[in-house]
Structures are given as C-alpha cells and as structure tokens.
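These notes concern the structure reproduced below.
Order of listing sets the numbers, starting from 1, for every ligand and every atom in it. Quick note: residue numbers are just sequence positions, from 1.
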Amino acid sequence: MAPQHVVTRFSPSPTGPFHVGSARTALFNYLFAKQQGGKLILRIEDTDSERSKKEYEENIIDGLDWLGIDYDEFYRQSERGAVYRDHIEKLITNGAAYESMEDEDGSDIRLGGPHFRPSVIRFKNSGGIVSFHDEIRGEISFDVTELGDFVIAKNRETPLYHLAVVVDDMLMGVTHIIRGEDGISNTPRQLLIARALGVPEWRYAHIPLILAPDKSKLSKRHGAVAITEYRKQGYLPEALVNFLALIGWSSQGEGEPEREIFSLPELVGRFNLSKVQKSGAMFSADKLKWFNREYMKTLLDDELLNALTARMPEQSPAILAKLLPLIRERITTLADTPTLIGNGGELSFVRNYTKPSRALLKTIEFLPRVRGILEQVSEPDFKAAQIKERLWDFATEKGRGNVLWPLRIALTGLERSPDPFVVAELLGKEETLARIAYAQSLA
Ligand code: GLU
C-alpha cells in the first residue's frame, strides 16, 4: 500500500492569547506531520465574529513563529463562507439535513406562529452508536440518539462550528486530527456530518489536557499561561518547546539512558503519537525553569550577549560582556538579569559602589596586609586564580572569614556578591586597591 500523505491541522479559535496548552497541541501536530513527511495546516477558526479578535490571531501567529513551529498552509474560516454554503445545500439536497422553523425555545414548530423565528438547519440524526478509534485512547463509542437533530447552521449561509470543521478537514485533505481531549465530545457530531458527506474517516488523537500540579485545569491562577508571558519573562523558545513536548509524552527508548534535552529536529525524529499518555500531563513551572537553565548553558557567549543587549538596550554592552560568565551562572531566564546588575543586585558593584557598612565589614584588621599583597601582583597577573593564590596562605593563617569576607565587602559593599578573587579581577588592580583603601578609612 502506498504510504498515506499525512496532513494535520492546528485550528485555534482566536478568542484569547495563545495558551501553552494550545501551543502544545500545535507542537504535537507539527511533530507528527514533519515526522511523517507530511504537512501542517494552520486554520484560524474565527466564525464567531463576536469573540474572535484580530489581535489574538496575530498573537497566535507570532507565538508559533517564535516557537519555531512553521506550517505549510494557512486558512481563515471567516473567508470561506461560500464553501460552507455549498455544503449546507449539498446536505439539504441529499436529505441529510433540513431547514427547520423554530419557536423561541428552539423547538421545531414548522408551521410558524406568534413566536416564529428564522429557520435553522438541522442534521437528520438517525441515532444509534457511533464509534471511532483514537490513537491514544483506543476505541471510543457514543450513543448519539440523545443528540437529536442537532443544529449545524444558523441558516443556509452561516455554518455552525461542527459543520465548518468537518467541511474544512475534508476539503483540506486532513488525515489526522490531533487535538485536546476536550474535543472528544465534539467527535460524534462531526463524524455524523462527515459520514453524510462521504468523507473517508480521519485518524483521531485526543491528547490529555495540561493540568496544574493540583490536578486542576491549568489556568491563570497557577501563573502565566500565555506564550507571550513566557517570552516576556525571558524563556528561550527552544526550552519551552522541549518542555511542552515532554508533557504527557516521554521519548525514552527502551534501555536508553534517561535524557530530556531534545532539539526540535530530534523531537521530530522521536515523536510517537501512540506513546502519548491518556492522562497525567502535568505542568511544572520548576521543570520549565530547569529546561531554561539547560538551554541557557548551550547559548554561545555571543548569543547570550545579543539576547541580553536586545532586552536591555540601556546597558553598556562592554559591561554586560565583562559580567557575562557571572550572569550566565546566576540566571534562570533572561529576565533575571536586570535585577542582578541593577541597583543593589549581586552584580551591581562594577558600576555602582555601595559604601560598605562597618557592621557588614566585621573587621578591617587585615585589610592593610591584603592591600600590601595585592600591590605586589602585576597588572597582567591580576586574574582571579593568581589573586587567590597570592592571598590564600595569609587568609588561611588568619582565618578565611577574617580576611576574605571583609575584602569582598570592601570591594562590593554588598552582602551577596561573587567571590572576592573574581570581583577583584573584574574591577582591575587600580580600582581594587582604591576600594580597599577606602574601606580601611571607614574605621
Ligand atoms: N477551534 C477549536 C478550539 O480552538 C479546535 C477545533 C478542533 O481542533 O477540532 O478549541
């Protein structure tokens, strides 16, 4: 049998900012399509003109772009009115749907009357059991009898959601419908319409919703849920993608050492739809931080520097470059940097010298000797390792806390800062000696 050409679709309704859960649905569709050598369609489901907003559509498109999830085709349902109209006619003509007169409580009165409302289009539902195979959940069956003759269009011009989805999935050649498990209850209606239109059946995969650690549905009260927020908070897109891909799915091969860091192409290679779990897709903010730190480590100095200068154009690139190794060790996301180098921050001492308090200095007894030792270190040798070597014996003899603590406070004025050797190198010989002399004068 010739391999089927896989087509998946990500079909968000632009009624809110791009949500992490939605991004994961997009990602799974992308991973599966790419892996199968197929294509991904982005379809904006904006038929609800009251709730759909252009700004949300843009937010979704920008978010996908930022995450690196690209798609092969793009559609907007609001531009496809004629297509839906044709299919409403077709269903009416072949007897699968009918125009029904409604009174105000929605019941069919056909004859009109005082509460006469415009007609709606209903699907002729003969009831019974509708079953489908779900790649993740196996066989799912519904008794559709209770659904009655459900409404599929407001009128001959205006489809409702289920009809538009079915018509699009049919005409766009979709083969696999990968969506959130909240789509399961939509499936029976969509299948009934699909069968009436003679569509060969799609493969379904309903992926588990992302839950907060308290097992409730992930929402704003658990923290950021919008992709834009994570971007603002300085997360790297690669980290977010890796993190989202492994929620509810593990790429662990048999006998393979445990591993969690995967690039997007690696994820494409390893993705396995049938290994997605039925439940237990948990969102952990700490885990995302961990991923972000891991990805930060892989950034080259230049990349990190560029990312930081882009976020902090007011900072001198030279100072950022100087502090880069220290920043790198200390941040979880790019957005942590301003606090770190801003006033009072651990790395603020290069530009802002905070006057050391006497209490913080504890003792200045050994500062003159320290200064004397450092005066002997030549400029080219004024490096953390050499400085440490020169001071070490003296510090050990007098007690490291008595020597190195006051030195660090003298140099930075800060309770928290990097070790004094690193600080001295950063400041340079002249500034280091001047700051020690100043601290001595505070006695
Ligand atoms: N547009 C629907 C939503 O945003 C998804 C439809 C589907 O995937 O079938 O929830």
Q) So is Gly183 in contact with ligand 1, going by heavy-atom distances below 4.0 Å? A) no
Q: May I ask whether Phe10 places a heavy atom under 4.0 Å from ligand 1?
A: no
(Q) Using heavy-atom distances only, which candidate in Arg9, Glu45, His19 approaches atom 1 (N) of ligand 1 most closely? (A) Glu45
Q.
Tell me the contacting part of Pro12 for ligand 1: side chain, backbone, both, or neither, using a 4.0 Å heavy-atom threshold, strictly below.
A. backbone
Q) Would you say Ser13 and ligand 1 have an N/O pair spaced under 3.5 Å apart? A) yes
If we count only N and O atoms by modelled type, under 3.5 Å, do the side chains of [X] and [Y] hold a donor and an acceptor together?
| X | Y | result |
| --- | --- | --- |
| Asp286 | Ser284 | no |
| Asp48 | Tyr161 | no |
| Asp168 | Tyr75 | no |

Q.
Before we go on, tell me: are the rings of Tyr235 and Phe243 under 6.0 Å apart, centre to centre?
A. no
(Q) I need the nearest protein heavy-atom contact for atom 5 (C) of ligand 1: residue, atom name and distance, please. (A) Ser11 O, 3.4 Å
Q | Identity and distance of the protein heavy atom lying nearest atom 6 (C) of ligand 1 | A | Tyr161 OH, 2.8 Å
**Q.** Lys/Arg N to Asp/Glu carboxylate O, Lys275 vs Glu135, below 4.0 Å
**A.** no
(Q) Within ligand 1, which atoms have a heavy atom of Arg179 less than 4.0 Å away? (A) 7 (C), 8 (O), 9 (O)
Q: Evaluate side chain to side chain contact (heavy atoms under 4.5 Å, CB included) for Phe10 paired with Ile178, printing each intermediate quantity in order.
A: CA-CA 8 Å; Phe10 171 54; Ile178 303 170; over 6 Å; no
